[in-house]
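Just follow the structure's listing: the first ligand is 1, and inside any ligand the first atom is 1.
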Amino acid sequence: MQGKILIIEDERELADIVFLYLSRDGFEPRIAESAETGLAVAGEWKPELVILDINLPGIDGFEFLQQFRRTSSAPVLIVSARSSDEDQINGLGSGADEYISKPFSPKVLVARVRAVFRRARNYDEKEAANLFRFGPFSLDYDACLLKKGDQRIPLSAKEFGCLAFLTRNPGKPLDVETIYAGVWKNTYGDLTTVAVYVQRLRKKIEDDPVNPTYIETVHSMGYRFNNPEQKKA
Ligand code: CA
(Lines give C-alpha, C1' and ligand atoms only; values in the text may rest on other atoms or scores of the structure.)
Protein backbone atom coordinates (compact mmCIF):
# COMPACT_ATOMS: atom_id res chain seq x y z
CA MET A 1 0.00 0.00 0.00
CA GLN A 2 1.23 3.52 -0.75
CA GLY A 3 0.26 6.96 0.39
CA LYS A 4 1.59 10.23 1.75
CA ILE A 5 1.11 10.44 5.50
CA LEU A 6 1.76 13.53 7.58
CA ILE A 7 2.63 12.79 11.21
CA ILE A 8 2.00 15.76 13.50
CA GLU A 9 3.67 14.89 16.77
CA ASP A 10 5.92 16.89 19.09
CA GLU A 11 7.42 13.85 20.85
CA ARG A 12 10.28 13.26 18.48
CA GLU A 13 10.99 9.71 19.60
CA LEU A 14 7.40 8.62 19.12
CA ALA A 15 7.21 10.40 15.75
CA ASP A 16 10.36 8.57 14.62
CA ILE A 17 8.94 5.16 15.58
CA VAL A 18 5.70 5.84 13.72
CA PHE A 19 7.72 7.13 10.76
CA LEU A 20 9.79 3.94 10.73
CA TYR A 21 6.81 1.59 10.88
CA LEU A 22 4.94 3.43 8.14
CA SER A 23 8.01 3.53 5.86
CA ARG A 24 8.55 -0.18 6.35
CA ASP A 25 4.96 -0.74 5.28
CA GLY A 26 5.51 1.12 2.01
CA PHE A 27 3.96 4.44 3.02
CA GLU A 28 5.61 7.81 2.49
CA PRO A 29 5.56 9.60 5.86
CA ARG A 30 6.68 13.08 6.89
CA ILE A 31 6.94 14.55 10.37
CA ALA A 32 5.83 17.98 11.55
CA GLU A 33 6.60 18.84 15.18
CA SER A 34 3.88 21.45 15.54
CA ALA A 35 0.42 22.11 14.14
CA GLU A 36 1.68 25.31 12.51
CA THR A 37 4.41 23.42 10.64
CA GLY A 38 1.84 20.72 9.88
CA LEU A 39 -0.49 23.22 8.20
CA ALA A 40 2.36 24.62 6.13
CA VAL A 41 3.51 21.16 5.04
CA ALA A 42 -0.08 20.03 4.34
CA GLY A 43 -0.63 23.11 2.16
CA GLU A 44 2.11 22.29 -0.30
CA TRP A 45 2.62 18.53 0.11
CA LYS A 46 -1.07 17.47 0.14
CA PRO A 47 -0.91 14.41 2.43
CA GLU A 48 -3.44 11.64 1.81
CA LEU A 49 -3.76 10.93 5.52
CA VAL A 50 -2.81 12.79 8.71
CA ILE A 51 -1.84 11.25 12.04
CA LEU A 52 -2.57 13.99 14.51
CA ASP A 53 -1.49 14.46 18.11
CA ILE A 54 -3.75 16.69 20.22
CA ASN A 55 -1.35 18.09 22.82
CA LEU A 56 1.01 20.22 20.80
CA PRO A 57 3.04 23.36 21.43
CA GLY A 58 1.27 26.39 19.95
CA ILE A 59 -2.13 25.61 18.47
CA ASP A 60 -3.47 22.17 19.39
CA GLY A 61 -4.70 19.27 17.28
CA PHE A 62 -8.33 20.35 17.37
CA GLU A 63 -7.47 23.77 16.02
CA PHE A 64 -5.30 22.15 13.36
CA LEU A 65 -8.18 19.92 12.33
CA GLN A 66 -10.53 22.86 11.91
CA GLN A 67 -8.10 24.74 9.72
CA PHE A 68 -7.04 21.65 7.79
CA ARG A 69 -10.64 20.78 6.96
CA ARG A 70 -11.06 24.08 5.12
CA THR A 71 -8.81 22.85 2.35
CA SER A 72 -8.61 19.05 2.61
CA SER A 73 -10.92 16.07 3.03
CA ALA A 74 -8.03 13.64 3.62
CA PRO A 75 -8.68 11.25 6.51
CA VAL A 76 -7.33 12.23 9.91
CA LEU A 77 -6.38 9.75 12.60
CA ILE A 78 -6.19 11.36 16.01
CA VAL A 79 -3.69 10.12 18.55
CA SER A 80 -4.15 11.38 22.06
CA ALA A 81 -3.11 10.63 25.62
CA ARG A 82 -6.03 12.53 27.14
CA SER A 83 -8.98 10.22 27.52
CA SER A 84 -11.05 13.36 28.08
CA ASP A 85 -10.41 14.23 24.43
CA GLU A 86 -12.48 11.31 23.29
CA ASP A 87 -15.81 13.04 23.85
CA GLN A 88 -14.65 16.08 22.00
CA ILE A 89 -13.37 13.95 19.14
CA ASN A 90 -16.69 12.12 18.90
CA GLY A 91 -18.38 15.50 18.88
CA LEU A 92 -16.37 16.55 15.85
CA GLY A 93 -18.45 14.33 13.62
CA SER A 94 -16.80 14.10 10.25
CA GLY A 95 -13.70 16.03 11.34
CA ALA A 96 -11.69 13.02 12.44
CA ASP A 97 -11.90 9.57 10.97
CA GLU A 98 -10.24 7.50 13.66
CA TYR A 99 -9.14 7.84 17.22
CA ILE A 100 -6.35 5.94 18.91
CA SER A 101 -5.27 6.47 22.50
CA LYS A 102 -1.72 6.70 23.77
CA PRO A 103 0.19 4.59 24.50
CA PHE A 104 -0.42 2.47 21.42
CA SER A 105 1.44 -0.27 19.62
CA PRO A 106 2.94 0.92 16.32
CA LYS A 107 1.64 -2.25 14.68
CA VAL A 108 -1.90 -1.42 15.72
CA LEU A 109 -1.46 2.10 14.42
CA VAL A 110 -0.27 0.84 11.04
CA ALA A 111 -3.23 -1.55 10.87
CA ARG A 112 -5.60 1.35 11.56
CA VAL A 113 -3.87 3.46 8.92
CA ARG A 114 -4.29 0.67 6.40
CA ALA A 115 -7.98 0.35 7.27
CA VAL A 116 -8.55 4.09 6.88
CA PHE A 117 -6.79 4.04 3.49
CA ARG A 118 -8.80 1.08 2.31
CA ARG A 119 -12.05 2.74 3.25
CA ALA A 120 -11.04 6.01 1.59
CA ARG A 121 -9.98 4.20 -1.57
CA ASN A 122 -13.10 2.07 -1.78
CA TYR A 123 -15.06 5.26 -1.51
CA ASP A 124 -13.02 6.92 -4.26
CA GLU A 125 -13.60 3.93 -6.48
CA LYS A 126 -17.31 4.00 -5.94
CA GLU A 127 -17.20 7.65 -6.93
CA ALA A 128 -15.45 6.69 -10.15
CA ALA A 129 -18.31 4.60 -11.50
CA ASN A 130 -16.71 4.56 -14.91
CA LEU A 131 -14.00 2.12 -13.91
CA PHE A 132 -13.66 -1.37 -15.36
CA ARG A 133 -11.53 -3.87 -13.45
CA PHE A 134 -9.99 -7.03 -14.78
CA GLY A 135 -7.23 -9.00 -13.06
CA PRO A 136 -4.72 -6.46 -11.66
CA PHE A 137 -5.89 -3.85 -14.17
CA SER A 138 -8.28 -0.96 -13.96
CA LEU A 139 -9.50 0.91 -17.00
CA ASP A 140 -10.86 4.39 -16.40
CA TYR A 141 -13.17 5.23 -19.30
CA ASP A 142 -13.44 8.91 -18.32
CA ALA A 143 -9.74 9.58 -17.85
CA CYS A 144 -8.72 7.23 -20.74
CA LEU A 145 -6.29 5.60 -18.36
CA LEU A 146 -5.13 2.01 -17.94
CA LYS A 147 -3.44 1.04 -14.69
CA LYS A 148 -1.88 -2.15 -13.46
CA GLY A 149 -2.08 -1.76 -9.70
CA ASP A 150 -0.82 1.78 -9.18
CA GLN A 151 1.31 1.69 -12.32
CA ARG A 152 0.07 3.54 -15.35
CA ILE A 153 0.31 1.66 -18.65
CA PRO A 154 0.70 4.03 -21.58
CA LEU A 155 -1.80 3.53 -24.37
CA SER A 156 -2.26 5.42 -27.60
CA ALA A 157 -5.70 6.90 -28.22
CA LYS A 158 -6.65 4.09 -30.62
CA GLU A 159 -5.25 1.39 -28.33
CA PHE A 160 -7.40 2.81 -25.56
CA GLY A 161 -10.40 3.00 -27.91
CA CYS A 162 -9.93 -0.60 -28.93
CA LEU A 163 -9.58 -1.85 -25.33
CA ALA A 164 -12.55 0.24 -24.21
CA PHE A 165 -14.69 -1.21 -27.01
CA LEU A 166 -13.72 -4.79 -26.16
CA THR A 167 -14.17 -4.39 -22.40
CA ARG A 168 -17.57 -2.79 -22.84
CA ASN A 169 -18.73 -6.03 -24.40
CA PRO A 170 -17.20 -8.61 -22.05
CA GLY A 171 -17.75 -12.27 -22.86
CA LYS A 172 -19.28 -11.43 -26.23
CA PRO A 173 -17.58 -12.48 -29.46
CA LEU A 174 -17.12 -9.43 -31.66
CA ASP A 175 -16.31 -9.67 -35.34
CA VAL A 176 -13.50 -7.60 -36.79
CA GLU A 177 -15.90 -5.43 -38.80
CA THR A 178 -17.84 -4.49 -35.65
CA ILE A 179 -14.67 -3.64 -33.74
CA TYR A 180 -13.33 -1.61 -36.63
CA ALA A 181 -16.57 0.31 -37.03
CA GLY A 182 -16.81 0.87 -33.29
CA VAL A 183 -13.27 2.15 -32.82
CA TRP A 184 -12.36 3.76 -36.13
CA LYS A 185 -15.87 5.02 -36.74
CA ASN A 186 -15.98 3.96 -40.37
CA THR A 187 -16.56 0.72 -42.22
CA TYR A 188 -14.28 0.85 -45.23
CA GLY A 189 -10.80 0.87 -43.73
CA ASP A 190 -8.16 -1.84 -43.55
CA LEU A 191 -9.62 -4.48 -41.24
CA THR A 192 -6.20 -6.01 -40.51
CA THR A 193 -5.58 -2.89 -38.42
CA VAL A 194 -7.73 -4.49 -35.72
CA ALA A 195 -5.35 -7.47 -35.46
CA VAL A 196 -2.39 -5.08 -35.20
CA TYR A 197 -4.00 -3.26 -32.29
CA VAL A 198 -5.04 -6.46 -30.57
CA GLN A 199 -1.40 -7.64 -30.73
CA ARG A 200 -0.23 -4.37 -29.21
CA LEU A 201 -2.77 -4.56 -26.43
CA ARG A 202 -1.90 -8.17 -25.68
CA LYS A 203 1.74 -7.19 -25.25
CA LYS A 204 0.67 -4.67 -22.66
CA ILE A 205 -1.88 -6.65 -20.67
CA GLU A 206 -1.29 -10.35 -21.19
CA ASP A 207 1.25 -12.38 -19.17
CA ASP A 208 1.70 -14.51 -22.27
CA PRO A 209 0.58 -12.64 -25.42
CA VAL A 210 0.65 -15.89 -27.42
CA ASN A 211 -1.81 -17.57 -25.04
CA PRO A 212 -3.99 -14.64 -24.08
CA THR A 213 -6.27 -14.68 -21.05
CA TYR A 214 -8.14 -11.45 -21.67
CA ILE A 215 -8.37 -10.84 -25.41
CA GLU A 216 -9.20 -14.19 -26.88
CA THR A 217 -9.26 -14.91 -30.61
CA VAL A 218 -12.58 -16.22 -31.85
CA HIS A 219 -11.63 -18.37 -34.80
CA SER A 220 -12.37 -16.93 -38.26
CA MET A 221 -14.48 -14.23 -36.70
CA GLY A 222 -12.83 -11.78 -34.36
CA TYR A 223 -12.18 -11.38 -30.66
CA ARG A 224 -13.76 -11.74 -27.27
CA PHE A 225 -12.82 -10.00 -24.07
CA ASN A 226 -12.77 -12.30 -21.04
CA ASN A 227 -12.85 -11.05 -17.49
CA PRO A 228 -11.56 -13.95 -15.37
CA GLU A 229 -13.33 -12.59 -12.28
CA GLN A 230 -16.69 -12.59 -14.00
CA LYS A 231 -16.16 -16.13 -15.21
CA LYS A 232 -15.60 -17.33 -11.70
CA ALA A 233 -18.70 -15.56 -10.43
CA1 CA B 1 2.12 15.86 22.34
- prompt: With a cut-off of under 6.0 Å to the ring centre and 45° to the axis, is R200 in cation-pi contact with Y197?
  reply: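 Output yes; distance and angle both within limits.
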- prompt: Between the side chains of T167 and Y141, is a donor N or O closer than 3.5 angstrom to an acceptor N or O?
  reply: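 Side-chain D/A pair, T167 to Y141: present.
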task: Check the side chains of T217 and R202 for a donor-acceptor pair under 3.5 angstrom, ignoring hydrogens and angles.
output: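 On atom types as modelled, these side chains qualify, holding a pair under 3.5 Å.
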- request: Evaluate salt bridge (charged side-chain N to carboxylate O under 4.0 Å, His left out) for E216 paired with R224, printing each intermediate quantity in order.
  value: CA-CA 5 Å; E216 190 189 341; R224 169 171 47 217; 3.2 Å; yes
task: Quick one: which residue pairs count as a salt bridge (Lys or Arg N to Asp or Glu O under 4.0 Å) with a foot in residues 50-60, not counting sequence neighbours?
output: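 Non-adjacent pairs meeting salt bridge (Lys or Arg N to Asp or Glu O under 4.0 Å): D53-K102.
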message: Please give me the protein atoms (N, O or S only) lying under 3.0 Å from the Ca ion (ligand 1), ordered by chain and number.
response: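 Only D10 OD1, D53 OD2, N55 O fall inside 3.0 Å of the Ca ion (ligand 1).
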task: Taking the six-membered ring for Trp and the single ring otherwise, decide whether the centroids of F27 and Y21 are under 6.0 Å apart.
output: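 Here the rings of Y21 and F27 have centres that are no less than 6.0 Å from each other.
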